[in-house]
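Here, residue 1 is the first one in the sequence, and each next residue gets the next number.
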Amino acid sequence: MRVGRIMHTDLVTVPPDTTIIKAKDIIAKKQINHLLVVDKNEELVGIVSDRDIKQSWASPATTLSTHELNYLLRQLTVEIIMVRKIVTISPSTTIERTASIMQENRINGLPVIKSEKLVGIITSIDVMEVLLHSIGFGEESARFAVLVEDRIGIVSEVSKILKEQKINIRSLVTWPEKEYPGIYQLVMRVGLEDKD
């Protein structure tokens, strides 16, 4: 699956001079985790996460008065705290590659750019939802795992045995057993009626 199929296109953007007080309110009201910062030409110039805002917020242990604190917070804009070195992807990026980019960069949101124009955003929650759905988790199914050798035809052999038992494989993933080189877990989801 490609990012373009699941990205959010109802983008919430703010100009760089937005105060962090307003940014915090927008994030809370819209129930989002990222604000995209765009300039007058609607070009992406930064991104601010709810975590960035929380980190820039004054500690409750501050010695400032409420009046002084509110004054300072009204002066602080997203331009000061936004991430300027933005990692972006295109709508044609695969979900697996997107997950890898998020993990490598330790980020939870990626703006999506097409022809140098901001067209969407995808979050780690979106990626996780797709990956869980693709392995059949959450559906009325049962997990069925088999340890197999890493060799040509093994999936076909296991599938044939299940076919003979009239058991439908709804999803299938594999991953290597670290402790046993050459051995993989073949993890399938089958119907609950086939669990036993």
Going from CD1 on I161 to CD on E157, what distance comes out if it is rounded to the nearest 0.5 angstrom?
7.5 Å
Nearest 0.5 angstrom please: T18 OG1 to D25 CG, how far?
11.5 Å
Under a single-linkage definition using a 4.5 Å side-chain heavy-atom cutoff for Ile, Leu, Val, Met, Phe, Trp and Tyr, are M128 and L110 assigned to the same hydrophobic cluster?
no
Min side-chain heavy-atom separation N33-T123 under 4.5 Å
no
Answer yes or no: are there more than 12 heavy-atom neighbours, outside E129 itself, under 6.0 Å from its atom CD?
no
Side-chain (R84) to main-chain (E79) donor-acceptor, under 3.5 angstrom
yes
Give me the atom names and distance for the closest heavy-atom approach of R2 to P91.
CB-O, 3.6 Å
Over all atoms of both residues, closest heavy-atom pair of P15 and V78
O-CG2, 3.6 Å
Hey, are the side chains of N108 and M102 touching, using non-hydrogen atoms and a 4.5 Å cut-off?
no
Identify the two heavy atoms, one from S49 and one from I27, that lie closest to each other, and give their separation to 0.1 Å.
C-CD1, 4.3 Å
Assess the residue pair L186 and I154 against the criterion (side chain to side chain contact (heavy atoms under 4.5 Å, CB included)); give the C-alpha distance rounded to whole Å, side-chain angles, the decisive distance to 0.1 Å, and a yes or no.
CA-CA 10 Å; L186 184 60; I154 193 67; 5.7 Å; no
Is it the case that atom CZ in R151 sees more than 12 heavy atoms from other parts of the structure closer than 6.0 Å?
yes
Measure across L131 and A99 and return the closest heavy-atom pair with its distance rounded to 0.1 Å.
CD1-CB, 4.4 Å
Same apolar cluster: M82 and I53, side chain cutoff 4.5 Å
yes
If you define the side chain from C-beta out and look only at heavy atoms, does anything of T9 sit under 4.5 Å from V119?
no
Test log, rule side chain to side chain contact (heavy atoms under 4.5 Å, CB included), inputs V37 and I47:
CA-CA 5 Å; V37 184; I47 188 167; 5.9 Å; no
Below 4.5 Å, heavy atoms only, C-beta onward: do V112 and T88 meet side chain to side chain?
no
Between the CG atom in L162 and the CG atom in N168, the distance rounded to the nearest 0.5 Å is 9.5 Å
For L132, is the CG atom crowded, meaning more than 12 foreign heavy atoms sit under 6.0 Å from it?
yes
Are I81 and V14 joined in one hydrophobic group, where the rule is that I, L, V, M, F, W and Y side chains link up if heavy atoms are under 4.5 Å apart?
yes
Hphob cluster co-occupancy, I20 + V45, side-chain heavy atoms under 4.5 angstrom
yes
Within the 4.5 Å heavy-atom criterion, are T13 and L118 side-chain neighbours or not?
yes
Check the surroundings of atom CD in Q103: do more than 12 heavy atoms from other residues, nucleotides or ligands lie under 6.0 Å from it?
no
Distance-only side-chain donor-acceptor flag, R189 / S171, under 3.5 Å
no
In this structure, CZ of F144 is separated from CD1 of I169 (nearest 0.5 Å) by 8.5 Å
Are there over 12 heavy-atom neighbours, none belonging to L147, within less than 6.0 Å of that residue's CG?
yes
Side chains of M188 and V146: closer than 4.5 Å at any heavy-atom pair?
yes
Taking C-beta and beyond as the side chain, do I101 and I89 meet within less than 4.5 Å on heavy atoms?
yes
Where do P111 and G109 come nearest, in terms of heavy atoms and distance?
CD-O, 4.0 Å
Any T19 side-chain heavy atom under 4.5 Å of L76 side chain
no
Under 4.5 Å between side-chain heavy atoms, hopping through other hydrophobics if needed: is there a path connecting V127 to V87?
yes
Indicate yes or no for a side-chain donor-acceptor contact from S115 to the backbone of K117 under 3.5 Å, with no hydrogens or angles considered.
no
Inspect the contact between E104 and R97 and indicate whether a charged nitrogen and a carboxylate oxygen are less than 4.0 angstrom apart.
yes
I'd like to know if the side chain of T98 and the backbone of T94 have a donor-acceptor N/O pair within less than 3.5 Å.
yes
Checking I26 against K22 for the side chain to side chain contact (heavy atoms under 4.5 Å, CB included) test, could you report, in this order, the C-alpha distance in whole Å, the side-chain angles of both residues, the deciding distance, and whether it holds?
CA-CA 6 Å; I26 293 169; K22 185 172 182 182; 4.0 Å; yes
Side-chain donor/acceptor of N41 to backbone N/O of E43, under 3.5 Å
no
Quick one: CG on D50 to NE2 on H34, what's the gap to the nearest 0.5 Å?
7.0 Å
Any chance CD of E116 has more than 12 other-residue heavy atoms, nucleotides or ligands included, within less than 6.0 Å?
no
Take M1 and I6 through the side chain to side chain contact (heavy atoms under 4.5 Å, CB included) test and state the conclusion after the steps.
CA-CA 9 Å; M1 183 177 291; I6 64 161; 3.5 Å; yes
Could you give the distance from CG (L172) to OG (S159), rounded to the nearest 0.5 Å?
6.5 Å
